[in-house]
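Since we're looking at a predicted model, the values are computed, not measured.
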Amino acid sequence: MEFVVVTYYSNRNVRLDGQLAGKTNDTLMVERGHHRFDLGDPQDYQPPSVEKDVQDTTTVTPLIIADFKPSRGVV
């Protein structure tokens, strides 16, 4: 089992490979491997999705995904 935190300025759903996996800013448990992350709808953020290889994480040292930013004019 691997651990990921997707950061964002507000609480949003996090989708992992198209399926709801949890909330932003929480630690998510995921299987090791290559995954696509997104924040679902509304798609008022950039980039639309992020792909990452997830491996060698722990609860203390999760993979931090800080790629998502609000689209221009949203905040």
(request) Grab the two heavy atoms, one from Val5 and one from Pro62, that are nearest each other, plus how far apart they are. (result) CG2-CG, 3.9 Å
(request) Sequence neighbours left out, what passes ring-ring contact (aromatic ring centres under 6.0 Å, His included) with Phe37? Give chain and number order. (result) none
(message) Which residues pass the side chain to side chain contact (heavy atoms under 4.5 Å, CB included) test with Asp53, not counting sequence neighbours?
(response) His34
(message) Before you tell me yes or no, could you show the steps for Val6 and Leu39 under side chain to side chain contact (heavy atoms under 4.5 Å, CB included), namely the whole-Å CA-CA distance, both residues' side-chain angles and the distance that decides it to 0.1 Å?
(response) CA-CA 9 Å; Val6 178; Leu39 304 182; 4.1 Å; yes
(request) Compare all side-chain heavy atoms of Val54 with those of Val4 and state whether any distance is below 4.5 angstrom. (result) yes
(message) Looking at every non-hydrogen atom in both residues, tell me the closest pair between Gln46 and Pro48 and how far apart they are.
(response) OE1-CD, 3.6 Å
(message) Please find the pair of heavy atoms, one from Pro47 and one from Val50, that lie closest to each other, and give the distance.
(response) CG-CG2, 3.7 Å
(request) For Thr61, check side chain to side chain contact (heavy atoms under 4.5 Å, CB included) against everything at least two apart and list the hits. (result) Thr58
(request) Only counting residues at least two apart or in another chain, list the ones meeting side chain to side chain donor-acceptor pair (under 3.5 Å) with Thr57. (result) Glu2
(message) With a 6.0 Å cut-off on the ring centroids, do Phe68 and Tyr8 count as close?
(response) no
(message) Run the side chain to side chain contact (heavy atoms under 4.5 Å, CB included) test against Lys69 and tell me which residues pass, sequence neighbours left out.
(response) none
(request) Please answer: with hydrophobic residues joined when any side-chain heavy atoms are less than 4.5 Å apart, are Ile64 and Tyr45 in the same cluster? (result) no
(message) For Gln43 versus Ser71, what's the shortest heavy-atom pair and its separation?
(response) O-OG, 4.4 Å
(message) Run the side chain to side chain donor-acceptor pair (under 3.5 Å) test against Asp56 and tell me which residues pass, sequence neighbours left out.
(response) Arg32
(message) With a 6.0 Å cut-off (strictly less than), is the heavy-atom count around CD of Gln55, excluding the residue itself, greater than 12?
(response) yes
(request) Can you run down the side chain to side chain donor-acceptor pair (under 3.5 Å) pairs that involve residues 12-21, sequence neighbours left out, and say none if there aren't any? (result) Arg12-Asp44, Asn13-Lys23, Arg15-Asp38, Asp17-His35
(request) Measure from the side-chain N and O atoms of Thr27 to the backbone N and O of Phe3, and report whether any donor-acceptor pair falls under 3.5 Å. (result) no
(message) So, using side chain to side chain contact (heavy atoms under 4.5 Å, CB included) as the criterion, who are the partners of Asn25 when residues are at least two apart?
(response) Thr7, Asn11
(message) Connecting only ILVMFWY residues whose side-chain heavy atoms lie within less than 4.5 Å of each other, what is the rest of Leu20's hydrophobic cluster?
(response) none
(message) Tell me the closest heavy-atom pair linking Val30 and Met1, and the distance in Å.
(response) O-SD, 3.3 Å
